[in-house]
Amino acid sequence: MSSILTCQDVSINFGGVKAVQNVSLEIQKGSVTSIIGPNGAGKTTFFNIISGVYKPTSGKVLFDGDDITNLSQHEVSRLGMARTFQNIRLFSQLDNVRNVQSALDARANYTMLEAILGLPRKRVEDRRNFEIAMECLDLVGLKEFAYDRPGSLPYGMQRKVELARALSSNPKLLLLDEPAAGLNPVEVEDFIQLLRRIKDQRDLTILLIEHRLKVVTTLSDEVFVLNFGELLTHGTPEEVQSNPKVIEAYMGEDEEEEE
């Protein structure tokens, strides 16, 4: 199995704060990999570096053989990476199918003039993108809610709309930032099964940040643990769960929350 993502000594500083420090890891193609760690460990910041939101202070990021260290977010996306966010970011005034379709608008091959005049190439591409959006909603089980607005759906279903939007670009690597946050136990189990099915159908590699251990232990081939911006350890879910350093890191978080 070859790697799809390689990070070499990646660091980022915000003023005097070292948010991520010398993190190196490899994500294998076709795998499900989790990044876990206490609150404030640098997990989302690390995602932002990978996806082009932030430029690292030092280090290198390789995606499917390409050096993406200094690429912008949309350039990274065009190479085949998509992501969801910890907080749902859907357009409340658009229906669900157009929320999904919005991810494809930035990849349009028509000109501004063609868009303004509604010329044939614009209409053809809009139809194609609409069909892709409907297919992705169907994939996550929400086709019947295509013309509803996100706000009319329960929180767990809104998560699925965001997932459908990420899938619409047909990514090679899918980044999920706490996809099970806010879900009840039944919804968590449903989401686990959904991710398994999507991974198999789309031949995806998935990298996720997650606090729900059931999601991590059920889905992950490998787990990386961040703490205070540093890579604490990595291994199988079983190895990580029994690692004294990981137990100490999470117990420390619990003590801080109690104070």
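Below, each value reflects all heavy atoms present in this structure, side chains not excepted, and no hydrogens, waters or symmetry copies. The chain is numbered in sequence order, starting from 1. These numbers come from a predicted model, not from an experiment.
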Under 3.5 Å, sequence neighbours excluded: what are the donor-acceptor pairs made by side chains of residues 59-66?
unit_1	atom_1	unit_2	atom_2	d
Asp64	OD1	Lys29	NZ	3.1
Asp64	OD2	Lys172	NZ	2.8

Give the C-alpha distance, both sets of side-chain angles, the deciding distance and a yes or no for side-chain contact (heavy atoms from CB on, under 4.5 Å) between Leu195 and Leu163.
CA-CA 10 Å; Leu195 287 181; Leu163 176 60; 4.2 Å; yes
Which of these passes side-chain contact (heavy atoms from CB on, under 4.5 Å) with Pro56: Val10, Val20, Val23, Asn48?
Val10
With rounding to the nearest 0.5 angstrom, report the CZ to CG distance, Arg149 to Leu153.
12.5 Å
Would you call Thr233 and Lys245 a side-chain contact if the rule is heavy atoms closer than 4.5 Å?
no
The reported gap from OG1 in Thr218 to CD1 in Ile192 (rounded to nearest 0.5 angstrom) is 4.5 Å
Under 3.5 Å, side chain of Thr33 to main-chain N/O of Leu207, donor-acceptor pair present?
no
Answer with yes or no whether the hydrophobic clustering places Ile132 together with Leu204; edges join I, L, V, M, F, W, Y residues whose side-chain heavy atoms lie under 4.5 Å apart.
no
Output for pair (Arg89 CZ, Arg83 CZ), nearest 0.5 Å, gives 7.0 Å
Taking Gly30's backbone N and O only, do any of them form a donor-acceptor pair with Thr205's side chain (distance below 3.5 Å, no angle check)?
yes
Main chain of Glu239, side chain of Ser242: is a donor-acceptor contact present, judged purely on distance under 3.5 Å?
yes
Is there a path of hydrophobic side-chain contacts, each under 4.5 Å between heavy atoms of I, L, V, M, F, W or Y residues, that connects Ile198 with Ile206?
yes
Could you tell me the separation between the CG atom of Leu176 and the CD atom of Gln86, rounded to the nearest 0.5 Å?
12.5 Å
Restricting to non-hydrogen atoms, name the atom on Phe228 and the atom on Gln21 that form the minimum distance, rounded to 0.1 Å.
O-NE2, 3.3 Å
How far apart are the C-alpha atoms of His234 and Glu26, what are their side-chain angles, what is the distance that settles it, and do they pass the side-chain contact (heavy atoms from CB on, under 4.5 Å) test?
CA-CA 11 Å; His234 68 94; Glu26 285 194 23; over 6 Å; no
Heavy-atom closest contact (Arg165 atom, Ser168 atom, distance):
O-OG, 2.7 Å
Tightest non-hydrogen contact, residues Pro38 and Leu226, listed as CD-O, 3.5 Å
Would the distance check show the side chain of Asn13 and the main-chain N or O of Gly16 forming a donor-acceptor pair, the cut-off being under 3.5 Å?
no
Nearest 0.5 Å please: distance from the NE2 atom of His211 over to the CG atom of Asn39.
4.5 Å
For Arg197, enumerate each residue passing the side-chain contact (heavy atoms from CB on, under 4.5 Å) test, keeping only those at least two apart in sequence or located in another chain.
Leu139, Leu194, Gln201
Taking Val140 as the starting point, is it possible to reach Phe130 by hopping between hydrophobic residues whose side chains are less than 4.5 Å apart?
yes
For Lys214, which residues count as a side-chain hydrogen bond (donor to acceptor under 3.5 Å, both in side chains) partner, sequence neighbours excluded?
Glu189
Please assess Ile50 against Met81 for the test side-chain contact (heavy atoms from CB on, under 4.5 Å), listing each intermediate value before the final yes or no.
CA-CA 9 Å; Ile50 294 169; Met81 189 185 300; 3.6 Å; yes
How close do Arg212 and Gly182 get, counting heavy atoms only, and between which atoms?
NH1-N, 4.4 Å
I need the full list of ring-ring contact (aromatic ring centres under 6.0 Å, His included) pairs touching residues 22-43, with sequence neighbours left out, sorted by first then second residue.
none
Looking at Ser24 and Asp9, would you say the former's side chain and the latter's main chain have a donor-acceptor pair under 3.5 Å?
yes
Grouping ILVMFWY residues whenever side-chain heavy atoms fall under 4.5 Å, the cluster of Leu94 otherwise contains Phe91
Does any non-hydrogen side-chain atom of Ile36 lie less than 4.5 Å from one of Val216?
yes
Partner set under side-chain contact (heavy atoms from CB on, under 4.5 Å) for Gln73, not counting sequence neighbours
Val53, Phe85
Is there a path from Leu90 to Leu174 through hydrophobic residues (I, L, V, M, F, W, Y) whose side chains come within less than 4.5 Å of each other?
yes
Asn129 side chain vs Gln101 backbone, donor-acceptor pair below 3.5 Å:
no
Residue pairs involving residues 140-173 (criterion ring-ring contact (aromatic ring centres under 6.0 Å, His included); sequence neighbours excluded):
none
What is the distance from atom NZ of Lys160 to atom CG of Asn96, rounded to the nearest 0.5 Å?
12.5 Å
List the atom of Ala133, the atom of Val97, and the distance in Å for their closest heavy-atom pair.
CB-O, 3.6 Å
So, Asp177 and Thr84: side-chain donor and acceptor under 3.5 Å apart, yes or no?
no
Quick one: ring pair (Phe, Tyr, Trp, His ring centres under 6.0 Å) partners of Phe14, sequence neighbours excluded?
Tyr54
My understanding is that only residues two or more places apart in sequence, or in another chain, count here; which of them pass side-chain contact (heavy atoms from CB on, under 4.5 Å) with Thr217?
Pro237, Gln241
Summary of side-chain hydrogen bond (donor to acceptor under 3.5 Å, both in side chains) pairs that have at least one residue in residues 132-146, sequence neighbours excluded:
none
Between Ser72 and Glu75, what is the shortest heavy-atom contact and its length?
N-OE1, 2.8 Å
According to ring-ring contact (aromatic ring centres under 6.0 Å, His included), does anything in residues 160-195 pair up with another residue at least two apart or in another chain? List the pairs.
none
So, using side-chain contact (heavy atoms from CB on, under 4.5 Å) as the criterion, who are the partners of Asn70 when residues are at least two apart?
Lys55
Step by step, work out the side-chain contact (heavy atoms from CB on, under 4.5 Å) result for Arg202 and Cys136.
CA-CA 11 Å; Arg202 291 293 184 98; Cys136 290; 3.8 Å; yes
Is it the case that one hydrophobic cluster holds both Ile35 and Leu219, taking links as side-chain heavy atoms less than 4.5 Å apart, direct or via other members?
no
